Protein chains: 2
Amino acid sequence: MSIRNGTRALRAIDRHTVAADIVLFTIQDGSLKVLLVRRDRLPFRGRWSLPGGFVRTDESIDEAALRELQEETNIGNVYLEQLYTFGERDRDPRGRVVTVAYYALVHWQQFQVRGKPDGSAAWFAIKRLPELAFDHRRIIDYALERLRNKINYTTVGFQFLPRQFTLTELQRAYEVILEQRLDKRNFRKKMLQLGILKGTGQFNTNGRQRPARVYTFAEPKVIKLQEKGIIVPF
Amino acid sequence: MSIRNGTRALRAIDRHTVAADIVLFTIQDGSLKVLLVRRDRLPFRGRWSLPGGFVRTDESIDEAALRELQEETNIGNVYLEQLYTFGERDRDPRGRVVTVAYYALVHWQQFQVRGKPDGSAAWFAIKRLPELAFDHRRIIDYALERLRNKINYTTVGFQFLPRQFTLTELQRAYEVILEQRLDKRNFRKKMLQLGILKGTGQFNTNGRQRPARVYTFAEPKVIKLQEKGIIVPF
DNA sequence: GACAAAAGTGTAGGGGATACACTATCTTTA
DNA sequence: TAAAGATAGTGTATCCCCTACACTTTTGTC
């Protein structure tokens with residue numbers, strides 16, 4: 001048996017099932033949440049798991065991830081980035097399943113408006129996850145680590161906000177993700193000097209206090225992040 | 001057809017072939033090189049490609065990557081880290097092949113001593129790559145990007161050096177990877193104050209000039225890197 | 001008009017990154 | 001053995017970014 005790269009013919013015995021699972025984050029009620037779906041079949045029937053599913057042979061893995069997300073949550077147009085591929089031998093009792101994990105960020109309203117509220121899918125606070133199917137807990141932990149890293153040197157965090165937002169809202173998002181309070185003056189100084197925010201001239205009068213300036217993310221309509229990330233319209 | 005996560009049975013029609021390909025870097029003669037192997041079968045017969053091969057169903061992807069590397073280069077004990085999974089539809093003319101790409105770093109002597117010099121594998125300077133099979137060029141570009149990023153906030157760069165080295169050798173490695181000259185005083189200051197180098201008390205008398213102090217990487221025998229990375233004895 | 005609530009604003013100090021040039025030590029060679 | 005060649009090795013001043021820190025402004029409500 002020749003083993004040099006790719007010189008063996010494609011053999012049925014080496015076939016794997018490939019899945020794409022998505023860790024979909026949002027911020028709701030001041031806490032970071034992930035979307036989970038309830039499994040209605042074996043294995044792990046009744047357990048919560050990440051949205052996702054098998055990659056078909058006629059689509060790329062990215063396409064599969066987007067499709068699954070669309071099917072399970074009705075959410076399109078999200079920031080989606082490949083996370084890591086989990087390929088331990090026994091991670092799926094059904095057989096050889098390799099999972100390409102993605103993570104995605106949405107503003108909570110994106111889901112609440114269009115999602116299905118039938119109990120088969122729900123947001124769970126990251127601090128209070130139920131027991132999960134497969135190795136999904138590990139995948140979430142890893143996604144969380146990536147998110148916390150990346151928020152410090154990219155603008156992924158903006159994905160949690162609507163198009164227009166106040167600086168306080170932005171700061172709250174950062175605080176929730178990083179699990180620490182940030183200094184208001186320093187935060188504002190830094191954000192403003194980055195040059196990626198554009199004031200709209202409008203003021204938010206929701207509260208019963210001094211109205212806050214409303215900003216927009218000033219980068220072009222498309223967010224191109226460092227490293228690999230699917231480019232997504234904002 | 002139910003599409004909720006994992007509720008479809010494993011179906012043959014969704015089966016993929018999974019490959020692990022490795023971008024193996026080294027520094028030789030003052031330039032950054034990657035190991036390529038020549039394909040002796042279709043498709044792309046005669047073209048150079050990354051070492052790698054199909055993942056078997058009885059091994060994890062990490063295991064497959066290590067095994068392939070071992071088989072093709074006789075190199076074990078390397079720093080190996082998963083890079084990205086490439087799953088475009090038409091990336092392999094034989095059919096649906098998903099590649100989990102890894103990258104690895106070795107000191108050039110590790111290979112030269114034990115590798116096979118029969119012309120089926122060779123080091124290529126990153127600046128002068130031949131035309132490659134599949135999308136391997138893209139994989140290399142991505143690995144290079146990752147390497148250049150990571151060298152700035154981890155100690156991966158040390159993998160290019162033997163156990164004992166001088167500060168000048170270390171600096172040269174960084175310069176080659178980053179493709180820029182570094183200031184000698186600043187580089188030494190920074191490295192020494194990191195506290196990860198230990199002087200051996202020995203001096204290198206190779207050259208025909210003032211002998212240089214010889215250092216060792218002072219971290220424990222095992223290198224645990226940020227993010228996901230296989231832990232490897234140094 | 002007083003109070004509650006969040007918005008908005010500036011400065012001083014510390015630490016790390018950068019820029020920059022000369023002396024020390026060894027080998028080789030005349 | 002002295003000079004030349006080659007690399008090792010060393011310190012300081014400046015700038016910028018990060019941090020710590022508290023009060024005034026503006027609105028709505030009672």
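Small disclaimer: the values here were computed from a predicted structure and weren't measured. Chain naming here is simple, since letters A, B, ... match the order of the sequence lines and numbering starts at 1 in each.
Taking atom CG of B/Leu170 as the reference point, atom C1' of D/dG9 lies 15 Å away to the nearest angstrom. Going from atom CZ of A/Phe187 over to atom P of D/dA20 covers 16 Å, rounded to whole Å. In this structure, B/Gln193 atom CD and D/dT12 atom C1' are separated by 15 Å, rounded to whole Å. Distance, B/Asn152 CG to C/dA17 C1': 13 Å, rounded to whole Å. Separating the OH atom of A/Tyr153 from the P atom of D/dC18 is a distance of 16 Å, rounded to the nearest angstrom. Taking atom CD on B/Glu175 and atom P on D/dT7, their separation rounds to 13 Å, with Å as the unit.
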Annotated protein contacts, base or backbone, on nucleotides 4-11 of chain C with a non-hydrogen cut-off under 4.0 Å, one of B, S, - each: -BSBBBBB
Salt bridge (charged side-chain N to carboxylate O under 4.0 Å, His left out) between A/Arg172 and A/Glu169, intermediate numbers included: CA-CA 5 Å; A/Arg172 292 281 171 270; A/Glu169 287 166 348; over 6 Å; no
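For the residue pair B/Glu81/B/Tyr102, the side-chain donor-acceptor check at 3.5 Å is not satisfied.
When atom types are taken as modelled, the side chain of A/Asn152 and the backbone of A/Arg148 share a donor-acceptor pair closer than 3.5 angstrom. Although no hydrogens or angles enter the test, the distance criterion places no donor-acceptor pair under 3.5 Å between the side chain of B/Arg91 and the main chain of B/Asp135.
Taking every heavy atom of both residues into account, A/Phe160 and A/Leu105 meet most closely at CZ-CD2, 3.6 Å.
Aromatic rings of B/Phe187 and B/Tyr174 (six-membered ring for Trp) have centroids within the 6.0 Å cut-off, being under it.
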